[in-house]
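Here the structure is laid out as structure tokens; the discussion comes afterwards.
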Number of protein chains: 2
Amino acid sequence: METVTENQKVRTVKKLEKMFGHIDFKNPPELCPVRDVMSVASDQWSTLIVLWLGYFPVLRFNKLKKYVYGISNKVLSQRLKVLEADGYIERKAYPEVPIRVEYSLTDFGQSYVEKLLDLAEWMHDNSPKVLANREKYGLL
Amino acid sequence: METVTENQKVRTVKKLEKMFGHIDFKNPPELCPVRDVMSVASDQWSTLIVLWLGYFPVLRFNKLKKYVYGISNKVLSQRLKVLEADGYIERKAYPEVPIRVEYSLTDFGQSYVEKLLDLAEWMHDNSPKVLANREKYGLL
DNA sequence: CGGAATCCCACGGGATACTG
DNA sequence: CAGTATCCCGTGGGATTCCG
């Protein structure tokens, strides 16, 4: 059970002040990190990909597809491209026959995984609570 | 610049082991917290809603719609319902005319915001790096 | 004011087949 | 093996209207 102190709340507000305080809603802000950057990396499939690459230091396309079960070829290669472009992962192709391609986290991606994993762990620990809520809510 | 030590990596793997280690890919796992719970709360619109409710202790529908600019009525009320069902937020309706409805974080939601904010801050701090990567990647 | 309802379209994304 | 290309479908979600 996590109790939230008033002090924590105040600190939270302060942080959010820095992130959101300056936004002018008349003129849509140029660029919002949460919208533009975080939404990409925190997409449902991308998070799974990144987490699995945090688990195994290096993975090939089809392994990844197996672990991130349910993902299609199209979406997987799409997400991999974006994650590479944004600097989270690295792609190494070996010109053998048949070709071999290895994906791994960059240092940047590794530090992202640490953060993401904090959240994932919290979700993991609290999912029973959420599911209980859901059910209770459904019964009303 | 964040350097990732080998020790950190090892701890990361250990955590992921606990979360993912037991999964059997032949039979799709019953329920995965990251897929089922996290994906809901970490949806792009939901994160923005939750963060704004961390900023302002209580918000009404139209205020929320203003802050989470770009969101439609439909999606906003949809997300609010889900967030309420999952226990992150609380909805209070005052039977005045015209009716007034106030949304706020539950204690549970507040503790979620703390976690989410950690990630958002990291994104905020690192978005320049990501955007630089993106551009460089685009030029190749 | 806070939504629910309706309509409608774009496009995200699944399945399959094909290629370097 | 690692994707790309194609096709096709479902639905998420935007705009608008209406109701309590």
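Note that these values count all heavy atoms, side chains included, but never hydrogens, waters or copies made by symmetry. These numbers come from a predicted model, not from an experiment. First the proteins, then the strands, lettered A, B, ... as listed; each starts at 1.
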TODO: From the options Arg134(B), Lys129(B), Lys136(B), select the one residue that forms a salt bridge (Lys or Arg N to Asp or Glu O under 4.0 Å) with Asp86(A).
DONE: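 The residue from Arg134(B), Lys129(B), Lys136(B) that satisfies salt bridge (Lys or Arg N to Asp or Glu O under 4.0 Å) with Asp86(A) turns out to be Arg134(B).
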To the nearest angstrom, how far is [X] atom [atom1] from [N] atom [atom2]?
{"X": "Glu102(A)", "N": "dG3(D)", "atom1": "CD", "atom2": "P", "value": "12 Å"}
{"X": "Ile89(A)", "N": "dA2(D)", "atom1": "CD1", "atom2": "P", "value": "14 Å"}
{"X": "Lys66(A)", "N": "dC1(D)", "atom1": "NZ", "atom2": "P", "value": "12 Å"}
{"X": "Glu84(A)", "N": "dA2(D)", "atom1": "CD", "atom2": "P", "value": "15 Å"}
{"X": "Ile71(B)", "N": "dG13(D)", "atom1": "CD1", "atom2": "P", "value": "9 Å"}
{"X": "Glu96(A)", "N": "dC1(D)", "atom1": "CD", "atom2": "C1'", "value": "10 Å"}
{"X": "Arg79(B)", "N": "dG14(D)", "atom1": "CZ", "atom2": "C1'", "value": "13 Å"}
{"X": "Ile49(B)", "N": "dG13(D)", "atom1": "CD1", "atom2": "P", "value": "11 Å"}

Open item on the list: By nearest heavy atom, map Lys81(A) and Lys74(A) onto DNA chain D; which one lands nearer the 5' end?
Closed with: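 The 5'-side residue here is Lys81(A).
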Task: Closest non-hydrogen atom pair, Thr47(B) against Ala41(B) - done: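 Closest heavy-atom pair between Thr47(B) and Ala41(B): CG2-O, 3.7 Å.
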Task: Short side-chain N/O contact to dA2(D) OP1/OP2 from Arg91(A), under 4.0 Å - done: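 Arg91(A) to dA2(D) OP1/OP2: no side-chain N or O under 4.0 Å.
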TODO: Ignoring backbone atoms, establish whether Tyr103(A) has a side-chain N or O less than 4.0 Å from OP1 or OP2 of dG3(D).
DONE: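 For dG3(D), OP1/OP2 do have a side-chain N/O of Tyr103(A) under 4.0 Å.
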Task: Boundaries of the chain A footprint along DNA chain C (any atom under 4.0 Å from a heavy atom) - done: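 Using the under 4.0 Å cut-off, the span is dG13(C) to dG20(C).
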Open item on the list: The criterion is salt bridge (charged side-chain N to carboxylate O under 4.0 Å, His left out); which residues satisfy it with Glu17(A), sequence neighbours excluded?
Closed with: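 Glu17(A) satisfies salt bridge (charged side-chain N to carboxylate O under 4.0 Å, His left out) with no residue once adjacent residues are dropped.
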- [ ] Run the numbers on Leu116(B) and Met38(A) for side chain to side chain contact (heavy atoms under 4.5 Å, CB included), then give the verdict.
- [x] CA-CA 11 Å; Leu116(B) 187 60; Met38(A) 182 163 157; 3.7 Å; yes
- [ ] On DNA chain C, check which nucleotide each of Lys65(A) and Asp43(A) is closest to and give me the residue with the more 5' one.
- [x]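 Its nearest nucleotide being more 5', the pick is Asp43(A).
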- [ ] Give the intermediate values and the outcome of side chain to side chain contact (heavy atoms under 4.5 Å, CB included) for residues Phe108(A) and Asn126(B).
- [x] CA-CA 9 Å; Phe108(A) 184 61; Asn126(B) 289 284; 3.6 Å; yes
- [ ] Looking only at side-chain atoms of Asn73(A), point me to the closest of dG14(D), dA2(D), dG3(D).
- [x]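 Looking only at heavy atoms from C-beta outward on Asn73(A), the closest nucleotide is dG3(D).
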- [ ] With Tyr67(B) as reference, evaluate Trp45(B), Tyr103(B), Tyr55(B), Phe56(B) under the ring pair (Phe, Tyr, Trp, His ring centres under 6.0 Å) test and give the passing residue.
- [x]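 Single ring pair (Phe, Tyr, Trp, His ring centres under 6.0 Å) partner of Tyr67(B) among Trp45(B), Tyr103(B), Tyr55(B), Phe56(B): Phe56(B).
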TODO: Mind checking Tyr94(A) for me? I need base, sugar-phosphate or nothing, with any heavy atom below 4.0 Å counting as a touch.
DONE: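 No contact.
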Task: Audit row: Tyr69(B), Trp52(B), ring pair (Phe, Tyr, Trp, His ring centres under 6.0 Å) steps and yes/no - done: CA-CA 11 Å; Tyr69(B) 57 91; Trp52(B) 278 107; 8.5 Å; no
